[in-house]
Every structure is written in structure tokens, then in C-alpha cells.
Amino acid sequence: MNYYSTNRQAPEVNFKEAAIYGQPPDKGLYFPKSIPPLSKKLLDNITQYSHAAIAYEVMKPYTGNEIDDAALKKIVEETIDFPIPLVPVTENIFSLELFHGPTLAFKDVGARFMSRCLGYFSKDIHKKIVVLVATSGDTGGAVAHGFYNVSNVEVVILYPSGKVSSVQEKQLTTLGKNIHALEVNGSFDDCQQMVKQAFSEAGLYKNIFLTSANSINVARWLPQQFYYFFAYKEFFKNGFNRPPVFTVPSGNFGNICAGMLAQASGLPVKHFIAACNANDVVPEFLQTSAYKPKKAVATISNAMDVGNPSNFVRILEIFSNNIPALKNKLSAVSITDKETRQTIKTVYEKNGYLLDPHGAVAYASLEKYLLSHQNETGIILETAHPVKFYDVVEPVIEASIPLPVSVEEQVRKEKKAVWIENEYEELEAFLLKLE
Ligand SMILES: *Cc1c(COP(=O)(O)O)cnc(C)c1O
């Protein structure tokens, strides 16, 4: 499979190059040259496939000859070696729980897949690969755990001191080995600025190859299709034989875009709902057909606080910019923090199910949709464990959430981070030591 840039000013590349470079030089996004149709055998017999077998079938056309079969099988097996259950909440609402991975959020799957691909490709790059990433919280943990122990790859994570939650900090700083945490005396923007400068001066580093673990990387984006296939499989096992409505908490729109790609390749889906918080660029676009990026506003579902969703161009690409066709398949809803809190409370009290703020935005969006589509059945993607956002959730339900055992172990481990000032030279000195 070849990939072209959505800006169409850069050369086509194969999967390996797209995964290693991350972003095309013209600052577009890589997009598959064709959308491979799904095998009828897979769709007709999906309940008989294991999750790993489904994942293999889905990724194979996208990785092509760049990864051999045995290696791809191993990569997908390791990527999804934790449960992804579909849990009924009401008669016609299910929750696909994507938070059973090591950092309790759905980004684990993409990060684990990408890290293993880079590890596989590293044998052809005669330099040490250094993944450099700035994090405001969740991405860093997923990347750290995804790349932990991957040979020939070092990971350097910059995080703003005092500005990530204590659980998030432990997820970044307790692994050791090939994972290096730099605690920056500055803000997230400062961290990001330093990372940008390192990339612009990458030529200075002779023996290391710098790359990012950005969420626009095809190796993080494409495996998110798995969720929709797994959900579809479990949905059928539950006796439902009509395609579901998927509701996806959306920020950068990578996750929902992967679902729409799966649909374009043949997965039966009734409809997609992009569930947004107050950051409503896409809901507004679908109403007015004018795409107006905004400055992000802070909400309690903070992983979705994005004012200019980078993956939205990929959704337009799937539909060849045909907006009426897109509107036929996609709705978008904006939910306030007040509605989010109310939804967490009501669903907890009425249905005995605890949502995190991101899942609650999805749940509230789906409920609105079902008011006028009463015969449909919906699946929300529950993207994070509620304990990750206990400071929001606990006061709403007036109860405490027990820490899962895996998190308790993480929290008990000793933090190891290198303190640096907000000066590029300090990052540079650290990188040179890795050479
Ligand atoms: C990243 C994230 C999202 C948003 O996903 P996108 O693919 O950026 O739309 C939603 N929920 C949680 C918990 C996240 O970490």
C-alpha cells in the first residue's frame, strides 16, 4: 500500500516510510492510496475470528509487504493482549470499554502498534531511533508503556512539572530502561516548543534518528479500526443483527476517522456520531459547512480539548470532500460540562454504570440522537477509565472509585525523572548523551 499526502505536494511513500516519518514534508497527512475492501469471509464469519485474527486481517492490506506475515501476527497479538469488552448499559446502549490497557485509555492500542512497527523497522535504520514527545498527560503514558523494552528505540518524554495528574506522572516516570522522562520547569507549550526545535535541528545528531509518536502517524491511526470490528463481533454475539450507531468521544478525530475508514472498506455501520465537548468546530461545520478552527477551551473532558482537529481532513478525504454524503453518515453533537456531569450521575444512579467524562460526552450525545431514532441501538466508545479522572467523577457520584490493582502498583513505584529548565540547550545535551 502506498500513502499520499492530503496536501498533495509531497512524494508518495510506503507504510514503512509513513510510519518512520510521521508527517509528509508538505505538512499534510498521509492517507492510503486506496481503501481496501474487506474480505466477505471475515464479515460473514466474524464471530468465529479471534480479536488477533481480526486485527491481522484488518491491518494486512495497509502494511503490505513492509512487514512479513509472522511479524505482523506477533505485533497485533502483543498490541491487544488485554480485554476490550462490550458492556450493556441499557436495552439499546452498549459501552465498548477501551480502557483495560496499561495506561487505562484507548491510546494504548495505537501506541503499542506503532512502537512495535518502529522496533521492527529499526533493523534497517543504522542509527538508534529516538522517539521524542511532549505530553500534557495521556499521550506520554501511552507512548512510554507502548515503547517500553522495544529494542533499539529510546523514548524521551517532556512533561510540564506540576501540570500532569499524579497517576499520569507515575505512568511516565516509573518505567526506566529505554524510557526517559524529562520534567520541564515550564508549560506544555514550552515542552512542545523544545521538541519542535529538536526536530528542526535533527541534522545535528549524527548517530540518532529522531522521530515523533504523534497521533497523526498512520501506525497509530490505522489500528484504531480494530475497536469497531471487535464491537461489531460482540454486538452480533449478543444477538443484534442490525448495524449499530457508533458514538465516539472526539478531540483530534483520529479514532472516529478510523471507524469511518473501516466503514468505507465494508464494515456495516448505521451511523457515526462525533461526540464533542464545548470545542465544537466539527458540529458547527456540519451545520454551516464552514470550517472555522478556534482556540481550544478547557473542559472536564480535557483529552478532547482541541480547537483544530488534525484528523478531520482525513474524514473529508474518505468522502472525497462530498459534504452531503458525509452528513449522511456523520452527525456531531456538542455537550456542555454541566450535561457531562449530569450524565455521569444519572447513568451511575439509574443503570449502575460509571462513565468517565469522555464516555459521558458520548453517552449524552447518543441519548440525544436516540430521541429521534428510537429503533436504533448504539455503542459508545468508553475511551478512559473513570479513575483517571477521579477528581471530576468522585464529587459527582459522591463516592470514591477504587484504584485498579495495576494502577496501585504503578503509583507505589518510585518516580525517576530528569529535571531540566525551559532551555533547549538542556534537551540537546540530554539527546547528545544518547548518541
Ligand atoms: C485522545 C482521547 C480522546 C480523543 O480522541 P481523538 O482520536 O483525538 O478524537 C478521547 N478520549 C480520551 C480519553 C482520549 O485520551
Side-chain angles (χ1 to χ4, degrees), residues 1-4 14-15 18-19 30-77 79-80 84 86 94 96 98 106 109-110 113-114 117 218-248 253-273 311 314-320 322 325-326 328-330 376-379 381:
M1 173 72 75
N2 270 7
Y3 294 80
Y4 63 89
N14 61 25
F15 179 78
Y30 284 122
F31 193 84
K33 199 155 176 215
S34 61
I35 299 180
L38 282 171
S39 89
K40 191 165 158 16
K41 186 167 160 247
L42 171 67
L43 280 183
D44 289 350
N45 305 292
I46 196 157
T47 54
Q48 286 152 40
Y49 281 67
S50 68
H51 276 17
I54 294 173
Y56 171 83
E57 292 288 330
V58 170
M59 279 314 291
K60 182 66 197 164
Y62 290 100
T63 54
N65 296 327
E66 305 305 317
I67 302 180
D68 72 51
D69 281 355
L72 182 60
K73 279 193 178 130
K74 183 158 180 275
I75 290 174
V76 295
E77 270 167 22
T79 298
I80 46 164
I84 302 185
L86 184 70
F94 287 77
L96 184 72
L98 301 176
F106 84 102
V109 166
F113 187 85
M114 180 189 170
C117 288
V218 292
R220 273 189 67 183
W221 171 51
L222 294 169
Q224 299 179 97
Q225 292 180 92
F226 301 165
Y227 312 142
Y228 302 87
F229 287 88
F230 299 166
Y232 182 77
K233 170 183 154 182
E234 299 302 322
F235 196 59
F236 271 67
K237 274 196 180 158
N238 275 283
F240 288 89
N241 53 12
R242 282 184 315 142
V245 173
F246 279 110
T247 311
V248 189
F253 279 68
N255 192 357
I256 193 168
C257 180
M260 300 187 88
L261 184 70
Q263 181 188 39
S265 65
L267 184 75
V269 177
K270 175 73 186 176
H271 197 65
F272 283 96
I273 303 168
N311 276 292
R314 282 186 169 137
I315 293 183
L316 295 175
E317 205 69 32
I318 294 174
F319 288 85
S320 306
N322 181 338
L326 170 62
N328 220 358
K329 296 284 184 205
L330 176 70
E376 306 295 350
T377 304
I379 297 175
L381 272 60

For the backbone of [Y] and the side chain of [X], can you confirm whether one donor and one acceptor N or O come within less than 3.5 Å of each other?
X    : Y    : value
E77  : A52  : no
N45  : Q48  : no
Y227 : L96  : no
E234 : A231 : no

Is the shortest side-chain heavy-atom distance between [X] and [Y] below 4.5 Å?
X    : Y    : answer
V58  : V76  : no
H51  : F229 : no
Q263 : K329 : yes
N311 : N255 : no
T247 : L381 : no
F235 : N238 : no

Heavy-atom closest contact (A325 atom, N322 atom, distance): N-OD1, 3.1 Å
Within 6.0 angstrom of D68 CG, more than 12 heavy atoms from elsewhere: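 Atom CG in D68 is packed in, count exceeds 12.
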Side-chain H-bond candidate by donor/acceptor type, Y30 with N2, under 3.5 Å: no
Residues that K73 engages under side chain to side chain donor-acceptor pair (under 3.5 Å), provided they are two or more places apart: none
Under the salt bridge (charged side-chain N to carboxylate O under 4.0 Å, His left out) test, residues paired with E66 that sit two or more places apart: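 In terms of salt bridge (charged side-chain N to carboxylate O under 4.0 Å, His left out), with neighbours along the sequence ignored, E66 is linked to no residue.
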Test side-chain contact (heavy atoms from CB on, under 4.5 Å) applied to K233 and Y49, step by step: CA-CA 9 Å; K233 170 183 154 182; Y49 281 67; 5.6 Å; no
Single hit among F113, Y62, F31 for side-chain contact (heavy atoms from CB on, under 4.5 Å) with W221: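 Exactly one option meets the side-chain contact (heavy atoms from CB on, under 4.5 Å) with W221, and it is F31.
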Aromatic plane relationship, Y3 with F15 - under 30° parallel, 30 to 60° tilted, over 60° perpendicular: tilted
Working for ring-ring contact (aromatic ring centres under 6.0 Å, His included), residues Y228 and F246: CA-CA 8 Å; Y228 302 87; F246 279 110; 5.0 Å; yes
